[in-house]
Number of protein chains: 4
Amino acid sequence: MAPVTNDETAVRRRIPTQGRSRARVERILDAASQIVLADGIEALTTRTVADVAAMPVASIYQYFSDKDAVLLAICERDMAEMDEQVAADLGRLTRLSVRSVVETTMRAYVTVYHRRPAFMQIWLRGRTNNAVNDYGRRHNQRTAADLLAFARERDLVTPDTPAAVAELGVEIGDRVFQLAFEKEVRGEPFLIEEGIEMVVAYLERHATPAGLEGVPA
Amino acid sequence: MAPVTNDETAVRRRIPTQGRSRARVERILDAASQIVLADGIEALTTRTVADVAAMPVASIYQYFSDKDAVLLAICERDMAEMDEQVAADLGRLTRLSVRSVVETTMRAYVTVYHRRPAFMQIWLRGRTNNAVNDYGRRHNQRTAADLLAFARERDLVTPDTPAAVAELGVEIGDRVFQLAFEKEVRGEPFLIEEGIEMVVAYLERHATPAGLEGVPA
Amino acid sequence: MAPVTNDETAVRRRIPTQGRSRARVERILDAASQIVLADGIEALTTRTVADVAAMPVASIYQYFSDKDAVLLAICERDMAEMDEQVAADLGRLTRLSVRSVVETTMRAYVTVYHRRPAFMQIWLRGRTNNAVNDYGRRHNQRTAADLLAFARERDLVTPDTPAAVAELGVEIGDRVFQLAFEKEVRGEPFLIEEGIEMVVAYLERHATPAGLEGVPA
Amino acid sequence: MAPVTNDETAVRRRIPTQGRSRARVERILDAASQIVLADGIEALTTRTVADVAAMPVASIYQYFSDKDAVLLAICERDMAEMDEQVAADLGRLTRLSVRSVVETTMRAYVTVYHRRPAFMQIWLRGRTNNAVNDYGRRHNQRTAADLLAFARERDLVTPDTPAAVAELGVEIGDRVFQLAFEKEVRGEPFLIEEGIEMVVAYLERHATPAGLEGVPA
DNA sequence: AATGAATGAGGATTCATTCAT
DNA sequence: TATGAATGAATCCTCATTCAT
């Protein structure tokens, strides 16, 4: 699956992709992640970021058009990793079915949420922020489209399965994670497991016999 | 089902239930609803409320201990209505099954969201706010417990169905609504319908044969 | 010694001296004392007083012209007691000298500060308040005049001792108490003892031989 | 005597010591001084300071962590001058005795109070403020310790003179000034003179013969 | 006499963002 | 490119006091 790219941030203000600047951008991103992780998204102010990144507030505006752009950049950075994880884990499957695809995808998400707790915080708990929210919505749509294409190509779902069904599946998966990670940093296992079951049960309504029984990858 | 009551707001500062004061409280509540509805929950400040309600900021504090209390009061007011709607609609059912109970309950919610758009806004889009969020969490738990008891008494679900399953059902229903009402003030019909299917499909995993086929009310 | 009376409060607004009203005034005074004692003079607001006194805020204005008047009333009430204590203790002396008069007077103050901790709080720690401060200044002047007359009549001090000397003695005694009671509710004993010595040493500069050696009362 | 330094303010927020910023800090300090001098310490609000300093309220927070820090900064600035004045005047003495040391020190204070009326206002009349009060207490202790060491080294007081005696001396001197400057901006001369006598009389109780008669500096 | 209700006038502090250098 | 400095615009909340009843 192709990673979902979003150029908006880069457009708003040119973000350098190499050299010393690159390092400073990373420092800002890391600082922001750290703050959100430690004290929640409301604690993220230009000052706190600048303090943690040990650079002047004004420097943030050298690389980012505004505060939201920082959040978005983190999302993009870590979301690329997320997409890669999903692609890799799906690629490793030997037997494909609606269940195995859903399960693998959702567990890949959990893997990354565990590896990137700050991203989890921003992504699952910081959806307050409009920029984050919009990005999320778009990413979910793209992910749904990709997954649907993937499943259709392999005859796991009926050809007439509407895009909206895939989208709902992804969105609900998303909400399940929001719920599971709400109180528990590692996500409540029961909620995660049951959430997977729920999405599987829902999507299997559109599965082909092959999608139900599974086929060699 | 017993309505979920939460006296916290009233406790924080006495809210009069009659007389002219009552009217001013309503004016504040309505102003707040209007603001949230029009510009989102972040637009709700003591000043905007006071302006819209055409009264001094200080007057708000005559009736509410703080800003959160205003939000909470709206939730309580409209949530009581919600509970009544659910109870009434369930009471009108002639045939009970997991599906009919879930469907009726969720549609009752939609009914109230349509009737109370500001509440919808606060409830579904304003979960940012901690006070609202906490109240929501508690209300969801209570609702889940009530519904589970209701289903158990009528043998619709297996006796060992864990409380967490009901909670997940309610929470996911909640999230489905958040999703459906995110862009569309009336809620996206497709998402609502499919969301109902999803919750039904999930909960039927714990249904008794009676719960699947249905029994006379 | 005649008690120092200050009618200002009563003038500002008529304070009833009998009947049910009297009881309500006392309740306000006691509430205020309690608050100041417990949380300092900044905690004294019309609302806190009303709450503790279990009556509406507006009722306070029935008896007192403003917040300051409440403080003043406490001062007057307890200061009368102070004056009585001083007069009584001086009256019990069998041998009069500058030292014995100063010592007796200052110890009488300590006695009352111990008996009326709220008064101590207002008087010694709450001199912030202009009303209290002004009242204090006036009372100190009157006390100084009374004591000087007392000492002169008995030939304890030289006839030409200026009033200002007595005033300074009283004022410094006052400051010694402020200092001694600053941290310690009962007053730091060392500071009290030394303070007495200081005032005695100062005033003995104006003593007659009789005032130094002492004369039968 | 070493000046009493207190870095708290500078720590709370970096105060620039040179350049244009320095000038703005001075403007704030001067504005605050002016306000306190004109209308008392209660008139000192962020807004009044900003108005008088002709800069936005927010700018105050560029240099000071909070309102108290402004007061403290004035105290520190002028108290340093005070310490220098005392040290200089003591250094100029040709004959040392308890009396000459006390007298010189107290007159040095008066000199600075005359030169810095705003400081006098804050220091002597603004002890209301907790920050000022705490700073004052600490400074008094330090001053007492320094003076005691000074006097001991020169055998002016008995070696066993307790620290508390010096502290009481300083504190009472402080209170004498509070009293003398209460109504009179230049301090009531009589009160100042008599106050000096009082402190001298008290401290001479702990003087050595040398401390009474005086020794060459 | 008593009081519920109403409010004008502040008060401290925060924050994202923009410039001049 | 980098940044120290500056600030407009808000934000929530408190309090003493006054009326109409």
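Below, chains carry the letters A, B, ... as their sequence lines are ordered, and counting in each starts from 1.
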Q.
With a 3.5 Å limit on both atom pairs, tell me what dA1(E) is paired to, counting Watson-Crick and G-U wobble, or say none.
A. none

Q) Expressed in angstrom and rounded to an integer, what is the separation of Arg27(A) atom CZ from dT1(F) atom P? A) 17 Å

Q: For Val57(C) and for Val57(A), locate the closest nucleotide of DNA chain E by heavy-atom distance; then report the residue assigned to the nucleotide nearer the 5' terminus.
A: Val57(C)

(Q) Of the listed nucleotides (dA5(E), dA9(E), dA2(E)), which one gets closest to any side-chain atom of Ala58(B)? (A) dA9(E)

Q: Look at the side-chain N and O atoms of Arg24(C) and state whether any lies under 4.0 Å from the OP1 or OP2 oxygen of dT3(E).
A: yes

Q) Which whole-number value in Å describes the distance from Ile60(D) CD1 to dC15(E) P? A) 17 Å

Q. Picking from dA2(E), dC19(E), dT7(E), which would you name as closest to the side chain of Met55(B)?
A. dT7(E)

Q. Counting just side-chain N and O atoms, does Thr46(B) come under 4.0 Å of either OP1 or OP2 of dT11(F)?
A. no

Q | Between dT7(E) (C1') and Phe64(B) (CZ): distance, integer Å | A | 17 Å

Q) Mapping Thr48(B) and Ser59(D) onto DNA chain F by nearest heavy atom, which one lands closer to the 5' end? A) Ser59(D)

Q: Can you tell me the distance, in whole Å, between the CD1 atom of Ile28(C) and the C1' atom of dA2(E)?
A: 12 Å

**Q.** Interatomic spacing from CD in Gln34(C) to CG in Leu44(C) - rounded to 0.5 Å
**A.** 11.5 Å

Q: Check the distance between dA16(F)'s C1' and Leu44(C)'s CG and give it to me in whole angstrom.
A: 12 Å

Q) Taking the side chain of Tyr61(B) as its heavy atoms from C-beta onward, which of dG4(F), dC13(F), dA12(E) lies nearest to it? A) dC13(F)

Q) Which comes earlier along DNA chain F counting from the 5' end, the contact point of Thr45(B) or that of Glu42(C), where each point is its nearest nucleotide? A) Thr45(B)

Q) Is Thr48(C) reaching over with its side chain to a backbone N or O of Ala43(C), donor-acceptor style, under 3.5 angstrom? A) yes

(Q) Rounded to whole Å, please give me the gap between OH in Tyr63(A) and P in dA16(E). (A) 19 Å

Q: State which of dA5(F), dG4(F), dT3(E) makes the closest approach to the side chain of Pro56(A).
A: dG4(F)

**Q.** Pairing nucleotide - dT21(E), Watson-Crick or G-U, each distance under 3.5 Å
**A.** dA2(F)

**Q.** Criterion side chain to side chain contact (heavy atoms under 4.5 Å, CB included) against Leu29(C), the qualifying member of Asp78(C), Ile74(C), Leu71(C)
**A.** Ile74(C)

Q) With both distances kept under 3.5 Å, what pairs with dG8(E), Watson-Crick or G-U wobble? A) dC15(F)

(Q) Given dA16(F), dT17(E), dT3(E), identify the nucleotide with an atom nearest to the side chain of Lys67(A). (A) dT17(E)

Q. How long is the span from the OG1 atom in Thr46(A) to the CD1 atom in Ile28(A), to the nearest 0.5 Å?
A. 11.5 Å

(Q) Nearest whole Å is fine: how far is dT7(E) P from Gln62(B) CD? (A) 9 Å

Q.
Taking the basic N atoms (NZ, or NE/NH1/NH2) and the acidic carboxylate oxygens, is any pair closer than 4.0 Å for Asp30(D) and Arg24(D)?
A. no

**Q.** Given dA5(E), dC13(F), dT3(E), the nucleotide with the shortest approach to the side chain of Asp66(B)
**A.** dC13(F)

Q. Under the 3.5 angstrom rule, does the side chain of Arg27(B) hit a backbone N or O of Arg22(B) as a donor-acceptor pair?
A. no

Q.
If you only use heavy atoms from C-beta on, which nucleotide in dA2(E), dG11(E), dG8(E) is closest to the side chain of Arg47(D)?
A. dG11(E)

